[in-house]
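Read through the structure below, which is laid out as structure tokens, and then see the notes.
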Amino acid sequence: MLRAFEKGADGVSIIGCMEGDCHYKTGNLRARKRVEQVQKILNTIGLEGERAQMYNLSSSDGPLFVKYAQEMDERIRNLGPNPMKKKKKNAA
Amino acid sequence: MNAKTPSKLEKIMAAGHLGVTSECGPPRGSDPEVIKKKAELLKGCVDAINVTDNQTSVVRTCSLATCIHLKLMGLEPILQMVTRDRNRIALQSDILGAASFDIYNVLCLSGDHQSFGDHPQGQNVHDLDSMQLAWTVRNMRDEGKFLGGDEIKRPPQMFVGAAANPFADPFEIRVPRLAKKIEAGAEFIQTQCIYNLEKFEKWVKQAEDRGLTEKCYIMAGVTPFKSAGMAKYMKNRVPGMDVPDDVVKRMSDTQKGKQAEEGINICVETIQRLKELKGVSGFHIMAIEWEEKVPEIVERAGLLPRPEID
Amino acid sequence: MIVADKKPVEEIIEYVKDCKKLLVLGCNECVTVCEAGGKKEAGVLASALRMYFANRGVEDALVDERTLERQCDHEYLEEIRDIADNYDAIVSIACGVGVQFTAEKYHSIPVYPGVNTCFLGATEQRGLWTERCQACGQCILAYTGGICPVARCAKRLLNGPCGGSSNGKCEINKELDCAWQLIIDRLKAIDRMDLYEKLFGIKDWSTDRAGGPRKVQREDVQI
């Protein structure tokens with residue numbers, strides 16, 4: 001997740017199975033914890049933690065996926081581009 | 001049991017009288033008048049006065065200096081020592097210091113954990129534990145030696161005490177633990193405040209069956225409740241305290257203005273009942289910041305006048 | 001194992017904010033198991049530091065990551081001999097031993113700690129580590145039913161429990177088991193309550209921290 005931000009991603013959404021319905025039992029719960037960690041780190045280093053988001057979705061729920069994607073899109077548009085990208089450009 | 005030290009408390013109990021002690025907590029400042037005022041209230045109605053050692057891990061005037069004040073007033077102090085704050089060097093050094101003022105009684109304790117006090121970030125020492133401290137004082141007195149093995153010139157002459165909580169968990173090891181304290185060198189035991197008399201009587205009986213009451217003076221600890229609130233607090237908040245529901249009820253059924261008096265009544269009744277119990281050699285009356293009530297309790301419990309012993 | 005906990009990223013940033021070239025050095029042993037200083041954590045920390053520098057506009061900052069088998073052995077620490085001079089500083093996320101051994105070996109390079117080293121303990125469950133040993137140098141577990149009062153009693157009483165033991169819990173915290181309750185339960189289970197009756201003598205603490213920095217020297221294995 002952090003690498004994606006390092007490379008310039010404006011936002012990262014992690015989509016896991018519905019809670020209690022994970023093929024890897026608790027994988028989705030651990031993923032959520034990771035996302036929370038990443039949010040904390042992003043806040044610490046001066047990026048917005050909200051750029052990383054965890055969603056739970058069942059594989060057949062297309063409309064909800066669309067809703068989440070739109071939500072994420074709007075969130076990121078409000079935040080603007082990842083400052084890392086600009087810095088990188090300046091450096092280049 | 002014959003007295004082995006010049007301690008007045010020991011002599012009184014050795015002569016077969018019930019001993020009476022109370023306690024005096026040093027102030028959170030250096031004004032000696034606070035100590036003197038408290039001690040004055042206890043004069044003539046107790047045989048010796050415990051001086052607490054930074055109780056509840058809150059910094060106060062040291063026990064040793066306070067004991068010296070009492071000694072200079074002609075009173076008999078019991079130096080309380082906790083193993084929390086000092087290592088074996090400092091403990092032995094303070095014992096010598098106390099002995100140089102002819103302080104004849106010591107009570108060996110481990111001390112409340114510092115997290116309860118006003119310096120929770122401090123280190124604790126616990127180089128020795130309370131039993132090992134009792135053993136140390138006995139070794140200094142009876143063998144005339146430091147723990148390191150060197151000889152002591154003019155060894156301390158101290159009557160060695162320890163605390164026991166008959167109500168702490170697990171109950172089954174309470175008597176074996178008492179036996180260990182006695183084996184370590186404790187000659188008198190002051191107990192935790194007693195409200196559950198049945199449980200206490202059971203404990204004394206077990207101690208007696210093991211022959212422990214022949215080897216050691218058991219002083220029953222009592223603390224009068226000032227209010228129903230205090231009874232509830234002691235029941236629910238103080239670790240290792242056993243306050244039965246009927247005692248709490250008796251306090252809370254009493255109207256507000258009369259609760260203090262009822263607290264004294266309970267305390268006096270406790271002493272009267274335990275006076276008759278074989279194996280009990282005395283009473284330790286802990287009237288926390290209520291020293292002025294000690295004379296009344298001692299008198300009403302029929303423990304006055306205090307015996308004169310030379 | 002040695003149990004450590006991650007230091008907050010802001011604290012580490014404070015140490016290295018003026019550096020340009022950094023090496024984040026993980027360790028494959030204890031700190032990997034307690035998820036504080038292994039390869040994964042080295043990656044996360046290095047990435048966070050890279051973004052921190054980039055975001056601050058430090059254009060030529062370099063943050064590399066490397067994880068050694070151990071940081072408490074010469075042979076593994078030698079693996080960075082050739083590259084060490086490339087860096088202004090090393091952030092070691094090994095235990096305090098690793099941080100110090102790295103600093104000793106790379107004398108002219110500052111080495112900063114990336115974790116707080118906590119205690120010798122066990123993994124009770126994922127994400128929960130608890131203390132078992134204080135390395136006092138004179139093990140008494142044979143007499144205490146295999147439960148250590150030095151490490152697990154808040155007053156390290158050798159003749160416990162104290163009067164504050166209540167319902168099997170310690171007076172300082174209701175969540176914490178009373179070590180002496182555990183000892184008694186265990187002595188009963190192995191039918192050795194006779195050990196409880198024995199007064200425990202005064203302990204020689206000279207093999208503990210009190211005796212100064214300790215060493216174990218084994219001539220039988222030295223060449």
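Chain letters run A, B, ... following the sequence lines, proteins first, then strands; residues in each count from 1.
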In Å and rounded to the nearest 0.5 Å, what is the CD to CG distance from A:E6 to C:N55?
12.0 Å

NZ of C:K105: more than 12 outside heavy atoms within 6.0 angstrom?
yes

Please say whether more than 12 non-hydrogen atoms of neighbouring residues, nucleotides or ligands are located less than 6.0 Å from CG in C:D191.
no

Side chain to side chain contact (heavy atoms under 4.5 Å, CB included) partner of C:M51, the single match among A:I41, A:T44, A:I45, A:N82:
A:I45

A:M84 versus C:A54, closest heavy-atom pair with distance
SD-CB, 3.3 Å

What part of C:K17 gets within 4.5 angstrom of chain A, counting heavy atoms only: side chain, backbone, both, or neither?
neither

Should we say atom NZ of A:K40 is surrounded by more than 12 heavy atoms from elsewhere, each under 6.0 Å from it?
no

Identify whether the distance between the nearest side-chain nitrogen and carboxylate oxygen of A:K33 and C:E35 falls below 4.0 Å.
no

Residues, nucleotides or ligands: over 12 heavy atoms within 6.0 Å of A:F65 CZ
no

Using a 6.0 Å cut-off, check whether atom CZ of C:R214 has over 12 heavy atoms from anything other than its own residue.
yes

